[in-house]
Amino acid sequence: MSEQRGKYLDELKEWLIRLERSIEADKILLHQDSSIQLEYFFRDLFNQAFDWELENANALFGKNQDSFDLCDKTNSLAVQVTRTTSANKIRDTLKSFIGTHDKNYKRLVFI
């Protein structure tokens, strides 16, 4: 690996660590605005990294979606951006998704 690439990876790790700390602090403070910003952050990151065409489903459909926040109709993909990683959260999300949205989106990704 080139020296410059190594520096970029170290810098990326540092920024991701900062993001994780910020998310945890906001969760403790019950600061919900950061959740909305995270949806846009991950939309842009994944679109660049994976060449997806994610849109913010909550803005697109004019209401908070029950089981996903981002969607890409071209790639048949939905993404749930969440600060809660419990088994119950995943089960509840899947229950809302399957039978309702799985006809339009073949994959549901949790981040």
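For Asp51, the CG atom counts as loosely surrounded, since its 6.0 Å shell holds 12 or fewer non-hydrogen atoms of other residues, nucleotides or ligands. The environment of Gln4 atom CD is dense: over 12 non-hydrogen atoms of other residues, nucleotides or ligands sit within 6.0 angstrom.
With a 4.5 Å cut-off on side-chain heavy atoms, Cys71 and Leu60 count as touching. By the 4.5 Å heavy-atom criterion applied to side chains, Ile90 and Thr84 are not counted as neighbours. Using a 4.5 Å heavy-atom cutoff, the side chains of Leu19 and Leu38 are in contact. Counting heavy atoms from C-beta on, the side chains of Asp72 and Glu55 never come closer than 4.5 Å. For the pair Val109 and Phe46, the minimum side-chain heavy-atom distance is 4.5 Å or more.
Both Leu77 and Phe41 belong to a common hydrophobic cluster when Ile, Leu, Val, Met, Phe, Trp and Tyr are linked at side-chain heavy-atom distances under 4.5 angstrom. Two different hydrophobic clusters hold Phe110 and Phe42 under the rule that ILVMFWY side chains link at heavy-atom gaps under 4.5 Å. Under a hydrophobic-cluster definition in which Ile, Leu, Val, Met, Phe, Trp and Tyr are linked whenever side-chain heavy atoms come within less than 4.5 Å, directly or via other members, Phe68 and Val79 are assigned to different clusters. Linking Ile, Leu, Val, Met, Phe, Trp and Tyr whenever their side-chain heavy atoms come within less than 4.5 Å puts Tyr105 and Leu108 in one cluster. Hydrophobic clustering (ILVMFWY, side-chain heavy atoms < 4.5 Å, transitive): Val81 and Leu54 are in one cluster.
One distance of note links CG of Asn56 with CZ of Phe61; it measures 10.0 Å at 0.5 Å rounding. Annotation: the span from Ser67 atom OG to Lys95 atom NZ amounts to 13.5 Å, rounded to 0.5 Å. Rounding to the nearest 0.5 Å places CD1 of Ile111 at 14.0 Å from CZ of Arg83. Within the model, atoms CG of Leu94 and CD of Gln80 stand 10.0 Å from one another, a figure rounded to the nearest 0.5 Å.
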Evaluate the criterion salt bridge (charged side-chain N to carboxylate O under 4.0 Å, His left out) for residue pair Glu3 and Lys7; output intermediate values, then yes/no.
CA-CA 6 Å; Glu3 185 177 329; Lys7 287 179 184 178; 3.5 Å; yes
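Using a cutoff of 4.0 Å between basic side-chain nitrogens and carboxylate oxygens, Arg18 and Glu14 are scored as salt-bridged.
Taking both residues in full, the closest heavy atoms of Asn75 and Glu53 are given as ND2-N, 4.1 Å, listed atom of the first, atom of the second, then distance.
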